[in-house]
Amino acid sequence: MKKISEWCMYCGECAGVCPRSLIEVHETDLIFNEENCKDCKLCIQVCPVHALIKEE
Amino acid sequence: MKLIETDVLVIGAGPAGSSAAKHAARGGADVLMIDRKSEIGSPKRCAEGVSKEGLKKLGIEPSPRWIAKELSNVRLVAPDGTDVKLNEETVKLPEAGYILERKVFDKHMAMDAAREGAKIMVKTLAKDLKREDDSLVVTAERMGETFQIKAKIVIGADGPESRIGRFAGLKTAAKPKNMESAAQFEMGGVELEDPNSLEFYFGSVAPGGYAWIFPKGEDIANVGLGVLATETDKSAYQHLMEFVENCPATRNAQAVELNVGGDPVGGMNKKLVTDNLLVVGDAAGHVNPLTGGGINTALEAGLYAGEVAAAAVKEGDFSKKRLEEYQKLCEENIGKSFDKYLKAKEYLLSLSDEELDEVAKAFQNVKLDNINTKELIKLLVKVSPKALVKLGKIF
């Protein structure tokens, strides 16, 4: 599961690199389709403010 | 469920979308443009540099309401502070000319589209897209209401996070090595050496990218940088904090705004069209791979997209084959120039801090208005043979 920190700015860069198009960017929300996520972590890596955190 | 029918649906109201909507409407098509945000143009994800010539070419009349500053000089800064100064008379510079007020500019571009007859819906999110007969049906959500929009042609102008193209089977996801992570402050109290210069800082201040200071008049400037996540473990924001602390121009400056976002710098996407759909702007990789600038190309590609879409509607042919005219126009007028910028970027990113310092020193002592390639190479041989070898490998 991914935790979205409160400092996320919803810029959508995570969605831009998600190879499976699993992230829906709203004006002030991110919706992850975790079910189909293969855990490549690209979304976590590219975030300009490191707002995505992997939770075990 | 409520159903809206239109000839052309544009998704995303940035410069690319608004330009596409404007020209599709001008060409006689029924156009609807939606944007997920409550305010078009805000928050900005942009350093706001745009070429004067590019706007003129597209017939966009400059307005003092959205031009923050006019400038024509460029200052390139190496890691040790050695700088090279260029101006428009000596070198043709992309993205130099105006610094925009994007929050105003984007709204004006959208209003221009509306003046041509396009309808606009804000705070409207495209959730899904499916094919139905010879049209596309987009499920949209606005303020708690879900409805469908049936369009003959969908133009995906939904930014670097683009999903619209992907819904229809186009590959628009960027690889992390082609996606800059960018962070920027708009600051007051910036102490600029030349308030008429765009400043670019290279080297380890921004691994995989560069840092910039774009003056917006008085002591105001956009101060930002882009990095590649593949080249650093720190976030773009952390790099920006360090840059601002260490750069002489920003030591005493205060931030009044923080912007972040992705910038696709891998060049133009290979496929921009499929049946009933085309992508434009950041969603299509219409970004100069060297500078990361994309406003001019977004506006230009939007023009082609709008014109081709309108013509296709008139002819009643929305096939991939018909829409490929747009792909060709983009390749000819935008994609080709990107190839050389990609090579230049590759070279720039291959240099170490020391090599960048050496190259800057070589340039510093020459008059740039009378330099030719031969002299340039002679100079590089003298100051940095290693940098020259890398140049030879790439070109």
Side-chain angles (χ1 to χ4, degrees), chain A, chain B residues 12 35-39 42-45 122-128 141 158-167 170-184 224-230 232-241 258-264 282-283 285:
Chain A
M1 288 294 284
K2 271 161 217 86
K3 184 175 174 272
I4 304 159
S5 306
E6 61 86 21
W7 61 85
C8 170
M9 295 176 72
Y10 314 103
C11 72
E13 179 156 2
C14 49
V17 296
C18 176
R20 301 167 71 85
S21 300
L22 302 177
I23 308 172
E24 188 177 272
V25 188
H26 294 229
E27 189 169 23
T28 52
D29 204 2
L30 291 180
I31 312 285
F32 281 83
N33 175 352
E34 296 267 4
E35 209 177 304
N36 295 315
C37 175
K38 295 284 179 216
D39 207 20
C40 72
K41 297 192 181 69
L42 294 183
C43 55
I44 294 175
Q45 271 172 32
V46 299
C47 176
V49 293
H50 285 183
L52 296 177
I53 295 155
K54 166 95 182 153
E55 278 192 339
E56 297 304 332
Chain B
D35 195 283
R36 72 175 159 93
K37 299 196 298 288
S38 51
E39 182 178 2
S42 180
K44 69 182 189 222
R45 289 183 288 179
V122 294
K123 197 71 179 162
T124 305
L125 181 74
K127 301 270 294 178
D128 199 11
E141 206 178 74
D158 52 336
E161 67 269 39
S162 173
R163 299 215 302 162
I164 296 305
R166 296 198 234 178
F167 286 146
L170 291 179
K171 281 188 188 135
T172 61
K175 293 197 175 81
K177 71 171 172 68
N178 291 327
M179 183 75 111
E180 294 281 340
S181 294
Q184 170 180 275
L225 51 76
V227 301
L228 289 176
T230 49
T232 176
D233 291 328
K234 283 187 243 175
S235 70
Y237 176 75
Q238 286 168 316
H239 281 286
L240 177 63
M241 291 298 281
L258 169 65
N259 313 118
V260 301
D263 196 4
D282 279 358

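Protein chains get the first letters and strands the later ones, always in sequence-line order, with residue 1 at the start of each. These values consider heavy atoms only, across backbone and side chains, with no hydrogens, waters or symmetry-generated copies.
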Segment of [X] engaging chain A (4.5 angstrom heavy-atom cut-off):
| X | value |
| --- | --- |
| B:Glu39 | backbone |
| B:Asn178 | neither |
| B:Leu228 | neither |
| B:Ala182 | backbone |

With a 4.5 angstrom heavy-atom cut-off, which part of [X] approaches chain B: side chain, backbone, both or neither?
| X | result |
| --- | --- |
| A:Leu22 | backbone |
| A:Ile31 | neither |
| A:Cys14 | neither |

With a 3.5 Å distance limit and no angle check, can you tell me whether [X] reaches the backbone of [Y] through a side-chain donor-acceptor pair?
| X | Y | answer |
| --- | --- | --- |
| A:Ser5 | A:Trp7 | no |
| B:Ser162 | B:Pro160 | no |
| B:Glu161 | A:Val25 | no |
| B:Asp158 | B:Arg163 | yes |
| A:Gln45 | B:Thr230 | no |

Report the option among [options] that has the most heavy-atom pairs separated by less than 4.5 Å from atoms of chain A.
| options | answer |
| --- | --- |
| B:Ala183, B:Gly261, B:Pro43, B:Ala173 | B:Gly261 |
| B:Asp282, B:Val227, B:Val260 | B:Val260 |
| B:Glu141, B:Arg45, B:His239, B:Lys171 | B:Arg45 |
| B:Gly226, B:Ala236, B:Ser235, B:Gly159 | B:Ser235 |
| B:Gly262, B:Ser181, B:Ala229, B:Ala283 | B:Ser181 |

| request: Quick one: closest heavy-atom pair of B:Thr172 and B:Gly165, and the distance? | output: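 Taking every non-hydrogen atom into account, CG2-CA, 4.4 Å.
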| message | Testing the basics here: between B:Ala126 and B:Ile164, what is the closest heavy-atom pair and its distance to 0.1 Å? | response |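 It is CB-CD1, 3.9 Å.
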| task | Flag the pair B:Thr124 / B:Asp35 as yes when at least one side-chain heavy-atom distance between them is below 4.5 Å, and no otherwise. | result |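 SC-SC contact between B:Thr124 and B:Asp35 ruled out.
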| query | Taking every heavy-atom pair that is under 4.5 Å apart, which of A:Gly12, A:Pro19, A:Ser21 has the most such pairs with chain B? | reply |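 Top count of heavy-atom pairs under 4.5 Å with chain B: A:Ser21.
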| message | To the closest 0.5 Å, what do you measure between CZ (B:Arg36) and NZ (B:Lys127)? | response |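 Here the interatomic distance stands at 12.5 Å.
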